[in-house]
2 protein chains.
Amino acid sequence: MTNRNVVSFENIKVACKNCGLATLCLPMGLSPEDMERLDSIVKRGRPFHRGDHLFREGDNLHSLRVITSGSVKTFTPSEDGGEQVLSFHLPGELIGLDAIQNECHTCSAKALETTAVCEIPFHNLEELSSSMPSLQHQMYRLLSREIGQDSEMLTLLGKKSAEERLATFLLSFSERFKKRGFSATDFFLSMSRHEIGNYLGLAVETVSRLFTRFQDEGLLHVERKHVQLLDLPRLATIVHGNENGRPHQRHV
Amino acid sequence: MTNRNVVSFENIKVACKNCGLATLCLPMGLSPEDMERLDSIVKRGRPFHRGDHLFREGDNLHSLRVITSGSVKTFTPSEDGGEQVLSFHLPGELIGLDAIQNECHTCSAKALETTAVCEIPFHNLEELSSSMPSLQHQMYRLLSREIGQDSEMLTLLGKKSAEERLATFLLSFSERFKKRGFSATDFFLSMSRHEIGNYLGLAVETVSRLFTRFQDEGLLHVERKHVQLLDLPRLATIVHGNENGRPHQRHV
DNA sequence: AAAAACACTTGATCAAGCTCAATACAAATT
DNA sequence: AATTTGTATTGAGCTTGATCAAGTGTTTTT
């Protein structure tokens with residue numbers, strides 16, 4: 001999420017109403033008064049550094065967290081040191097929702113770079129949402145959105161080829177950066193190739209080869225974490241499975 | 001979900017308080033009075049038949065639905081007639097949660113057999129939950145649970161071998177049937193091999209071969225849709241990736 | 001009852017992508 | 001500046017599971 005047109009969030013966001021992310025985030029759609037009430041329960045702590053855990057699988061749920069700058073991966077660690085990356089989160093995104101069910105986190109979250117978050121103590125949030133229908137509504141929507149996103153990911157992992165997976169991944173970041181006021185075609189990926197592969201259900205080597213191939217085909221320019229997308233339309237074609245002609249794609 | 005010890009739900013469930021599923025379902029944990037209030041907004045319609053749509057992708061969200069008997073698959077249809085099966089639902093499970101975000105269903109739902117449902121108009125539910133903290137809490141929990149389940153599925157599709165996938169699938173049904181008072185080791189799967197494969201990200205042929213192999217290895221007896229699990233412990237071992245020795249498993 | 005349509009199984013072959021291995025490159029440490 | 005460590009790339013070969021194909025059994029239709 002490092003990017004040149006970044007405006008250093010840390011200095012601005014002291015309250016939701018002054019936060020550039022308010023339109024993407026939990027207070028989206030709240031009246032100024034309601035936003036004020038929500039703001040009163042939000043805690044803003046010191047930033048996390050690369051590799052720091054925001055929380056670990058098994059931790060009790062205290063707060064939901066919104067990324068305000070930086071980026072985070074969530075993942076489920078497995079016994080043998082392996083892990084499954086569940087998602088990468090950018091500013092404005094709410095994490096910890098999986099923990100509501102049993103008041104216990106079912107995944108871990110780690111900062112991919114220097115990252116600031118707003119903490120929202122869940123019990124306070126729940127109480128507040130009881131007396132604030134618009135906040136309750138927003139919570140339902142955000143929870144539902146998460147479910148919808150997971151479904152898309154299931155389709156990606158269940159049906160798509162390696163090529164389609166990486167193209168989908170890149171366009172997803174493109175859109176999300178754009179929505180946050182950054183370039184849709186020129187950005188830094190804060191995660192490693194290993195983490196990308198893990199997330200997409202691919203081996204590191206496959207990810208690396210695909211980046212090389214995409215570059216050779218003029219779809220993008222890549223140098224380490226810096227990616228420049230050169231042909232969004234063609235990437236979009238790949239995402240939808242090379243409709244015309246459809247070479248190899250997994251069983252339909 | 002056809003099963004001999006089934007007690008014909010249709011005749012009993014006329015109100016939540018008399019419903020055997022109340023402990024699994026939305027009213028779980030509600031006081032008798034609150035359950036009564038919830039009950040007042042629930043609609044119970046005529047049953048769906050095998051192949052009937054409960055709703056289609058793109059439909060406006062009117063109601064969430066709880067299966068009361070039978071079973072349902074949810075899936076996202078793709079242009080070319082293909083689909084990705086997202087999940088199979090048994091009695092007591094709430095479906096349509098993905099539609100809350102945009103008040104529009106993002107997947108379709110089809111009855112796998114004769115199926116009865118309770119409809120809960122979402123706007124009424126939302127309103128009611130505003131004045132009923134325990135119901136709001138329950139909604140948050142159910143939405144969160146769905147997210148957690150999806151995460152498990154992501155791990156399955158991202159990391160597990162075909163063998164592990166089918167074993168996981170079978171034990172999941174075993175537990176869910178058990179929770180509903182049915183046999184954990186002897187049940188009918190209401191979906192086709194094709195649908196199982198689609199759900200697990202495998203080809204039909206692979207599913208068929210695995211059933212045969214599992215049977216040859218004495219893990220189960222299978223005859224068409226009728227499955228008898230003969231060795232739960234060994235199936236559980238397979239689920240966790242054959243820890244000891246770990247022959248083939250996908251990149252960790 | 002026969003025919004058609006559908007679902008499942010089994011076999012043979014193939015390829016996408018994984019694994020192993022070596023090398024290149026970058027960043028951190030001395 | 002040199003060494004170490006971690007990350008990324010590239011190559012060669014192998015394996016899992018997909019695809020193609022044929023055959024069997026089941027259900028539905030006529």
Side-chain angles (χ1 to χ4, degrees), chain A residues 2 49-51 73 81-82 85 112-113 156-167 169 188-216 220-227 238 241-242 246-252, chain B residues 2 49-51 73 81-82 85 112-113 156-167 169 188-216 220-227 238 241-242 246-252:
Chain A
T2 330
H49 298 107
R50 178 179 167 74
K73 72 165 175 179
V85 174
L112 291 169
E113 61 192 305
L156 182 135
L157 292 175
K159 296 271 174 308
K160 298 201 173 186
S161 68
E163 208 179 28
E164 291 167 336
R165 292 182 198 197
L166 188 64
F169 173 80
F188 285 79
L189 293 172
S190 57
M191 71 296 292
S192 69
R193 297 285 189 272
H194 191 94
E195 288 164 328
I196 296 173
N198 186 307
Y199 176 61
L200 296 177
L202 300 172
V204 206
E205 295 92 332
T206 305
V207 174
S208 187
R209 275 184 253 271
L210 283 170
F211 268 119
T212 308
R213 173 136 60 95
F214 281 1
Q215 179 161 251
D216 292 348
L220 51 77
H221 178 82
V222 62
E223 197 184 342
R224 230 164 160 70
K225 316 221 154 193
H226 184 194
V227 178
I238 294 175
N242 278 319
R246 184 171 312 139
H248 46 264
Q249 81 174 9
R250 296 163 85 90
H251 55 90
V252 197
Chain B
T2 329
H49 299 108
R50 179 180 165 73
K73 71 165 174 178
V85 174
L112 291 168
E113 61 193 304
L156 182 136
L157 293 175
K159 297 269 173 309
K160 299 202 173 182
S161 70
E163 206 179 28
E164 290 168 336
R165 293 183 198 197
L166 188 65
F169 174 81
F188 285 80
L189 293 171
S190 56
M191 72 295 294
S192 69
R193 295 287 189 272
H194 192 92
E195 288 164 327
I196 295 173
N198 186 308
Y199 175 61
L200 296 177
L202 301 171
V204 207
E205 294 92 332
T206 304
V207 175
S208 185
R209 273 184 256 271
L210 283 170
F211 268 119
T212 306
R213 174 137 59 96
F214 281 0
Q215 180 161 251
D216 291 348
L220 50 76
H221 179 82
V222 60
E223 198 185 340
R224 223 161 167 72
K225 315 223 156 196
H226 184 195
V227 177
I238 295 176
N242 277 320
R246 184 172 311 140
H248 46 266
Q249 79 175 8
R250 296 163 84 89
H251 55 91
V252 197

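Throughout, a chain's letter reflects where its sequence line sits, starting with A, and its residues are numbered from 1. Reckoned from all heavy atoms, side chains included, excluding hydrogens, waters and symmetry mates.
- A:His221 and A:Gln215 make their closest contact through ND1-OE1, 3.2 Å (heavy atoms, listed as atom of the first residue, atom of the second, distance).
- A straight line from CD of A:Glu223 to C1' of C:dA24 spans 14 Å, rounded to a whole angstrom.
- What separates CZ of B:Phe188 from P of D:dT26 is a distance of 14 Å, to the nearest Å.
- Separation of atoms OG (B:Ser190) and CD (B:Glu195) is listed at 8.0 Å; rounding is to 0.5 Å.
- As a whole-Å value, the separation of B:Glu163 CD from D:dA18 C1' is 17 Å.
- In terms of modelled atom types and a separation under 3.5 Å, the side chain of B:Arg165 and the main chain of B:Leu157 share a donor-acceptor contact.
- A salt bridge links A:Glu163 with A:Arg213: the distance from a Lys NZ or Arg NE/NH1/NH2 to an Asp or Glu carboxylate oxygen falls below 4.0 Å.
- C:dC8 atom P lies 19 Å from atom CZ of B:Arg213, rounded to whole Å.
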For nucleotides 5-13 of chain D, 5' to 3', base contacts (B), sugar-phosphate-only contacts (S) and non-contacts (-) with protein non-hydrogen atoms under 4.0 Å give ---SBBBB-
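- Remark: A:Lys225 NZ to A:Leu189 CG distance equals 8.5 Å, nearest 0.5 Å.
- In this structure, A:Arg165 places its CZ atom 13 Å from C1' of C:dC18, rounding to the nearest Å.
- For the pair B:Leu157 CG and C:dG17 C1', the computed distance is 17 Å after rounding to whole Å.
- Looking only at side-chain heavy atoms (C-beta outward), B:Phe214 and B:Leu166 come within less than 4.5 Å of each other.
- Rotation axes derived from the C1' atoms of the five outermost pairs at either end of the helix from C:dA1-D:dT30 to C:dT30-D:dA1 lie 40° apart, to the nearest 10°.
- When side chains are defined from C-beta on, A:Arg224 does not count as touching A:Phe188, because their heavy atoms never get closer than 4.5 Å.
- Using modelled atom types, no side-chain atom of A:Arg193 and backbone atom of A:Val207 make a donor-acceptor pair closer than 3.5 Å.
- Protein atom CG of A:Leu210 is 12 Å distant from nucleotide atom P of C:dA16, rounded to whole Å.
- Atom CD1 of residue B:Ile196 and atom OG of residue B:Ser208 lie 10.0 Å apart, to the nearest 0.5 angstrom.
- If you take CG of A:Leu200 and P of C:dA16, they are 18 Å apart, rounded to a whole angstrom.
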